[in-house]
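Each chain gets a letter, A, B and so on, in the order the sequences are listed, and its residues count up from 1.
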Amino acid sequence: MSLKFVIVAGTPSSGKTSVMLHVIRHILTDKIKVAACKIDCLETTDNIRYGRLGIPIAVGLSDYLCPDHFYVANLEEIWRWAEKQNAELVILETAGLCHRCAPALKDCLSICIIDNLSGLDTPKKVGPMLSTADIIAITKGDMVSQAEREVFHQQVQNINPDARVIAINGLTGRGSLRLKNEIMKSQPLETITGQTLRCSMPAAVCSYCAGEMIVGSTYQMGNIKKVDFGRAE
Amino acid sequence: MLKKISVLGGNDKNGIPETIRRLDIQKEEVLAVVGPTGSGKTQLISDIEQYANADTPTCRSILINDLPVNAEDEELISQHLVAEVSQKMNFIIDSSVEEFISRHAKIRAIENIEKVKTDILAVANELTGEPIYSTDNLTQLSGGQARALMVADVALISNAPVVVIDEIENAGIDRLKALEILTGHGKAVLIVTHDPALALLAERRLVMKNGGMYKLHRTNTEEKTLMEKLLTIEKKTARLRDYIRSGGSIDKNNNNEEGETLWQEYMYIPR
Ligand SMILES: Nc1nc2c(ncn2[C@@H]2O[C@H](COP(=O)(O)OP(=O)(O)OP(=O)(O)O)[C@@H](O)[C@H]2O)c(=O)[nH]1
Ligand SMILES: [Mg+2]
């Protein structure tokens with residue numbers, strides 16, 4: 001069975017759900033079956049918001065694990081769940097809790113959502129989540145000046161020159177139609193098994209991953225990296 | 001180069017064809033958009049901004065210089081067609097006025113940055129009574145100063161051919177002058193407003209109703225006279241505000257100026 005598998009990432013509270021709700025509403029008018037899944041860390045109410053659209057919705061909470069690793073380890077399961085729902089398109093919203101998150105897959109449409117309020121230097125700080133995305137949606141333009149919107153837009157485009165950058169208002173849905181059109185243009189996949197990440201994920205295999213709680217070098221094992229104080233001016 | 005934007009009529013919220021079947025907006029024109037909340041003003045702007053092609057809920061289509069927009073024309077689609085200034089917008093970046101102007105000017109590849117800095121400050125200061133200095137911090141500007149700077153910046157740096165002015169009520173900026181400056185820089189200006197003075201400042205006004213373009217009025221002579229009066233009242237109110245703010249008081253013993261309305265009778269404005 002073929003399925004459009006769309007990955008939506010972005011900094012916390014950037015407007016991912018708000019934007020996708022508008023986009024899904026547009027898609028539903030075309031009588032296409034959509035399912036949504038949210039990966040978060042500890043808690044989310046996004047399932048209630050997606051659920052109001054009357055579409056199948058699943059939630060995965062990573063709890064003590066890195067949500068990115070949790071996400072990639074569950075992609076096959078999410079695919080199978082979406083198939084069971086007879087979905088033609090699945091929207092997978094991930095938490096984007098750390099700037100090093102790298103959820104994009106080579107053949108899946110990957111959308112990054114970032115907001116104007118996060119500051120002009122944020123596009124530089126957000127790593128692979130933004131730099132490897134196909135489409136970047138910028139929200140909350142209604143709260144800043146035109147000048148800031150234009151500079152922010154340019155900052156984003158500089159970091160990812162190949163991405164299509166779209167301004168969307170998560171409250172009113174203004175701009176969401178273009179995102180819907182981009183999603184409809186994307187190619188469905190036959191299977192997710194064997195797909196490749198565009199960028200390696202943040203790594204962490206150390207004693208703290210295994211539940212260590214005490215501070216100090218003698219308690220540290222595995223993949224440990226130290227601050228290079230020589231570099232700080 | 002944009003000369004004209006046309007909106008080809010679609011449907012209102014009930015799917016009934018809207019009354020206005022075609023709306024042409026020329027560059028250097030000011031068009032007011034009025035109608036109650038929920039009447040479809042935002043959707044109209046959104047249709048224009050997204051180059052609607054019978055694919056939005058309203059089924060409107062947009063023509064640029066009489067031609068439909070090719071959805072594959074990435075270069076055109078990614079351009080900012082619409083710049084916007086609204087009451088709700090604020091500067092959030094912690095930076096001085098001049099630093100930020102040059103940052104914005106650089107992305108537009110403007111060569112003479114010093115000149116554009118001076119020009120923007122001059123224009124902004126024409127629009128507001130409270131002086132703005134190049135070293136002021138953006139986040140510290142008053143509402144009026146911020147709006148004035150936004151208008152000046154949109155006129156001189158932004159390359160969007162259409163400017164939407166959304167709900168700029170009497171926020172301490174000279175709105176008549178603001179419109180002159182924007183149209184003077186070749187922009188088509190859409191004013192979305194509930195304010196009668198502002199609505200009548202435009203040559204034409206579009207009335208929205210139930211999601212559709214319902215009526216198109218040309219501002220007539222009586223309306224223009226009324227608009228002049230409204231603007232005079234606004235100026236007087238502004239003077240009164242300054243007077244009270246700077247410690248003035250109003251009592252019967254002060255000379256009145258014109259004796260037109262009640263408060264003026266009790267108010268003495270020192271010259
Ligand atoms: N003013 C404004 N607010 C917005 C916009 N988009 C979203 N919001 C608000 O921002 C807040 C967060 O939006 P969400 O859609 O929950 O963001 P999210 O990225 O899904 O959040 P998490 O899933 O919790 O990371 C909500 O209060 C939205 O109403 C926008 O374009 N403008
Ligand atoms: Mg969300």
Legend entry - Spacing of Ile93(B) atom CD1 and Leu120(A) atom CG [to the nearest 0.5 Å]: 4.0 Å
Inset, instruction - List the atom of Gly175(A), the atom of Ser46(B), and the distance in Å for their closest heavy-atom pair. - result: N-OG, 4.4 Å
Legend entry - Among Asp55(B), Thr42(B), Ile101(B), residue most engaged with chain A (heavy-atom pairs, under 4.5 Å): Asp55(B)
Inset, instruction - For Glu148(A) and Ile92(B), indicate whether the former's side chain and the latter's backbone hold a donor-acceptor pair under 3.5 Å. - result: yes
Legend entry - Inter-residue atom distance Ile45(B).CD1 - Thr172(A).OG1, 0.5 Å rounding: 11.0 Å
Legend entry - Close side-chain approach of Glu150(A) and Arg108(B), heavy atoms under 4.5 Å: yes
Legend entry - For the student: nearest non-hydrogen atoms of Gln50(B) and Ser176(A), plus distance: OE1-N, 4.0 Å
Inset, instruction - Just give me the residue among Asn116(A), Thr29(A), Leu117(A), Asn158(A) that pairs up with chain B most often, heavy atom to heavy atom, under 4.5 Å. - result: Leu117(A)
Inset, instruction - Would you give the length of the straight line joining atom CE of Met89(B) to atom CE of Met143(A), rounded to the nearest 0.5 angstrom? - result: 10.5 Å
Legend entry - Residue part contacting chain A, namely of Asn90(B), when any heavy atom lies under 4.5 Å: both
Inset, instruction - Determine whether more than 12 heavy atoms belonging to other residues, nucleotides or ligands lie under 6.0 Å from atom NZ of Lys209(B). - result: no
Legend entry - Side chain Gln146(A), main chain Glu84(B), donor-acceptor under 3.5 Å: yes
Legend entry - Structural part of Gln155(A) lying under 4.5 Å from a heavy atom of chain B: side chain
Inset, instruction - Salt-bridge test for Asp121(A) and Arg103(B): reply yes if a basic N is under 4.0 Å from a carboxylate O, no otherwise. - result: yes
Legend entry - Contacting region of Ser118(A) [heavy-atom separation from chain B under 4.5 Å]: neither
